[in-house]
Amino acid sequence: MLRIEYFVNHSIENWNRLLIHFDSTINYTPWFLNYIEVLNASSEIQNHTFVLYNDNNPIAIVPLYIERINNKLQISMGQEPVYAPIFNKNLPISSIEKYFENLIDQINEVAKENQCVLARFQFSPLLNYNFSSVEYLKSNYCEDIFYPDWYIFKSKLSFVLNLENNNEQLFKAIRKGHKSNIRQTSKISNLVLIDKDSFNEELFGRYISLYYKVKGNKRSLEAFKLDSNAIKSGLQFILICEYDNEFIGAIAFHIHNNKARYNSSVQLYNINLRIHPTHFLLWSGIEYLKDKNYEFLEIGEQVIENEKYIVSSKEKNLSHFKSGWGCDLISSIKIQKEFKNV
C-alpha cells in the first residue's frame, strides 16, 4: 500500500537512516532541507518534503517547498528549482514507472491544495537518476524557464570534475591562464581552512565579516549558524585566501556521500593585481577533496548564447572561467510546470 510521510515528522536520526537507501547529495540531508527554510524566510517558505513508501519500504524522497513570490504561491526555493525526487537505489528500474505516476499526483495535489501557480525542479549532475526528465515532460512540465532572467535557468549542462586522476594530471588539465593565476597567488598569500577538524569561532567570525563586506546583509546570522553546524558535521568546508593579514576571498564547498559542490564564493577586488583568490582557492579545494578521496566536484553551470536566452558578458565570463578546469559537461536539466486553474 502506497503512503507518504512528511519530513517534518522525522527526527534527524531517522532521516539519516533513511538516506542509506538512496544515492543522495547534500541536498537531501536534513541539514540542507532545514537550511533552505532559513535562507528563504522572507518568502514565507514552507517545507512540504515527503517520502513515498510502499508499506514500510521507502520508494522515493521528494523535496518540496512552497513560497510566496510576487504575492502568489509556487513550488520553488528562492525562486530556483527544487531538487528533483530520487528513488531507492535498490529499486529495479522496471518498477519505477508504476510509482512515478503516484509521485506526480502527490505533487499536483500539494500544488492544488495550496493554489500554486507553478512548480520547478532541477536534476543534479552529481546523481545518476534512474529515470529522466522525460517522465516529467509527459506530465506537462517543460524545460524552458524565462523568468527570472537568471544564469541558472539558461543552463542545461554543468561542469563536473572527475577526481579519479592524480593531482599532477588534474593540474595539467587546467587552462594555462588559470594555472598561472594559481601559482602567482600561492606565492604571496596564505590558505586558511575551516573544516570539521579545524573549526574555529574566531576564524569563522572573520569569514562572516568578509561575506558582509562583499555582499552586504544578504544572509542572516541564523543561516551562518547553520553553516557552522554543517562544517562541524562534515557537510561543508570553507577555504579562505589571506593577504597581508586580511581575508580577501573565500569559497564554501558542500560535501556529502563522496560528492562535492562549489556552493558559494566571495572576493574583495582591487587588492593586488597579482592576486586571484578564486583560482587559488578552487585548486586548493580540489587538492583537499582528492586527499579526502572524494569522487566528483560540481563547479557550476555552463551557459552559451542561443536563440532562447540573452546571455550577458558577465554570464559568458563566468561560464568561461568554469570551463577551464578540465571538467566534463553533465546534464543538469531544470523543468517547470504552470498550473492554469489557480
Side-chain angles (χ1 to χ4, degrees), residues 7 15-33 35-36 49-52 57-65 75-77 80-97 99-100 103-104 106-107 119-139 141 143 145 152-153 155-164 230 234-236 253-264 285-286 289 292-302 322 325 327-336:
F7 168 74
W15 193 268
N16 283 331
R17 283 195 291 270
L18 175 72
L19 285 177
I20 295 172
H21 301 283
F22 295 84
D23 178 25
S24 66
T25 63
I26 191 173
N27 310 110
Y28 301 86
T29 63
W31 173 82
F32 185 85
L33 293 170
Y35 187 58
I36 290 300
T49 298
F50 65 86
V51 184
L52 178 66
N57 299 314
I59 301 300
I61 293 177
V62 186
L64 210 59
Y65 297 93
I75 295 174
S76 59
M77 51 183 202
E80 293 189 3
V82 178
Y83 283 92
I86 52 174
F87 286 86
N88 191 315
K89 62 186 178 183
N90 298 314
L91 197 65
I93 295 177
S94 59
S95 68
I96 288 177
E97 187 173 351
Y99 296 118
F100 198 86
L103 184 152
I104 290 291
Q106 293 288 351
I107 294 173
R120 290 173 176 160
F121 294 97
Q122 61 178 305
F123 295 81
S124 170
L126 292 174
L127 293 179
N128 294 316
Y129 288 90
N130 41 16
F131 64 99
S132 72
S133 60
V134 172
E135 299 297 329
Y136 287 91
L137 301 182
K138 293 177 184 177
S139 300
Y141 282 82
E143 295 182 6
I145 304 175
I152 186 175
F153 297 132
S155 170
K156 298 185 185 301
L157 298 168
S158 287
F159 295 104
V160 176
L161 184 62
N162 189 326
L163 297 169
E164 68 176 359
L235 293 172
Q236 183 173 209
F253 295 85
H254 280 171
I255 50 176
H256 176 69
N257 198 21
N258 288 327
K259 304 176 183 73
R261 183 174 183 272
Y262 179 132
N263 183 58
S264 64
I286 292 169
L289 292 166
K292 301 290 185 181
N293 296 315
Y294 277 77
E295 297 174 354
F296 299 101
L297 167 63
E298 178 191 355
I299 291 179
E301 291 93 356
Q302 176 205 50
K322 294 176 181 178
W325 296 89
C327 297
D328 296 314
L329 280 170
I330 307 296
S331 175
S332 58
I333 298 296
K334 290 84 180 172
I335 56 174
Q336 175 175 291

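No donor-acceptor pair under 3.5 Å is formed between the side chain of Ser332 and the backbone N or O of Ser124. Side-chain atoms of Asn257 never come within 3.5 Å of backbone atoms of Lys259 as a donor-acceptor pair (strictly under, hydrogens ignored).
Nearest approach of Ala260 to Ile255, heavy atoms of both residues: CB-CG2, 3.7 Å. The nearest pair of heavy atoms linking Ile86 to Ser24 is CD1-CB, 4.0 Å. Val82 approaches Pro63 most closely through the heavy-atom pair CG1-O, 3.3 Å. Closest approach of Ser331 to Ile333, counting heavy atoms only: OG-CG1, 3.3 Å.
The line from CG of Leu289 to CG of Leu163 is 6.0 Å long, rounded to the nearest 0.5 Å. Note that CD1 of Ile299 and CZ of Arg261 are 11.5 Å apart. Values are rounded to the nearest 0.5 Å. Interatomic distance, CD1 of Ile59 versus NE2 of His21, reported as 10.5 Å (0.5 Å rounding). With rounding to the nearest 0.5 Å, the separation of CD1 in Ile36 from CG in Asn27 is 7.5 Å. Residue Asp328 holds its CG atom at 12.0 Å from OG of Ser158, rounded to the nearest 0.5 Å. To the nearest 0.5 Å, the span separating CG on Leu235 from CD1 on Ile26 amounts to 4.5 Å.
Applying the salt bridge (charged side-chain N to carboxylate O under 4.0 Å, His left out) criterion to Lys334, with sequence neighbours excluded, gives Glu301. Glu295 meets the side chain to side chain contact (heavy atoms under 4.5 Å, CB included) test with Asn258; sequence neighbours excluded.
Pro85 places none of its side-chain heavy atoms less than 4.5 Å from the side chain of Phe100. Under the 4.5 Å side-chain criterion, counting only non-hydrogen atoms from C-beta, Phe123 is in contact with Tyr136. Between Pro30 and Asn16 there is a side-chain heavy-atom pair separated by less than 4.5 Å. Side-chain atoms of Leu329 and Gln302, non-hydrogen and from C-beta on, do get closer than 4.5 Å to each other. No side-chain heavy atom of Phe296 sits under 4.5 Å from any side-chain heavy atom of Ile330. Contact check for Glu135 versus Ile96: no side-chain heavy atoms found under the 4.5 Å cut-off. Counting heavy atoms from C-beta on, the side chains of Thr29 and His256 come closer than 4.5 Å.
Between Phe32 and Tyr35, the angle of the ring planes lies from 30° to 60°, which puts this pair in the tilted group.
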**Request:** Report the C-alpha distance between Phe87 and Leu103 in whole Å, list the side-chain angles of each, state the deciding distance to 0.1 Å, and finish with yes or no for side chain to side chain contact (heavy atoms under 4.5 Å, CB included).
**Result:** CA-CA 11 Å; Phe87 286 86; Leu103 184 152; 3.8 Å; yes
**Message:** Does Met77 form a side chain to side chain contact (heavy atoms under 4.5 Å, CB included) with Tyr83? I'd like the steps, not just the answer.
**Reply:** CA-CA 9 Å; Met77 51 183 202; Tyr83 283 92; 3.5 Å; yes
**Asked** Step by step, would you call Asn88 with Asn57 a side chain to side chain contact (heavy atoms under 4.5 Å, CB included)?
**Response** CA-CA 9 Å; Asn88 191 315; Asn57 299 314; 6.0 Å; no
**Asked** What's the verdict on side chain to side chain contact (heavy atoms under 4.5 Å, CB included) for Phe121 and Leu64, showing C-alpha distance, side-chain angles and the deciding distance?
**Response** CA-CA 9 Å; Phe121 294 97; Leu64 210 59; 3.8 Å; yes
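Under the ring pair (Phe, Tyr, Trp, His ring centres under 6.0 Å) rule, Phe7 has a single partner from Tyr65, Phe50, Trp15, which is Trp15.
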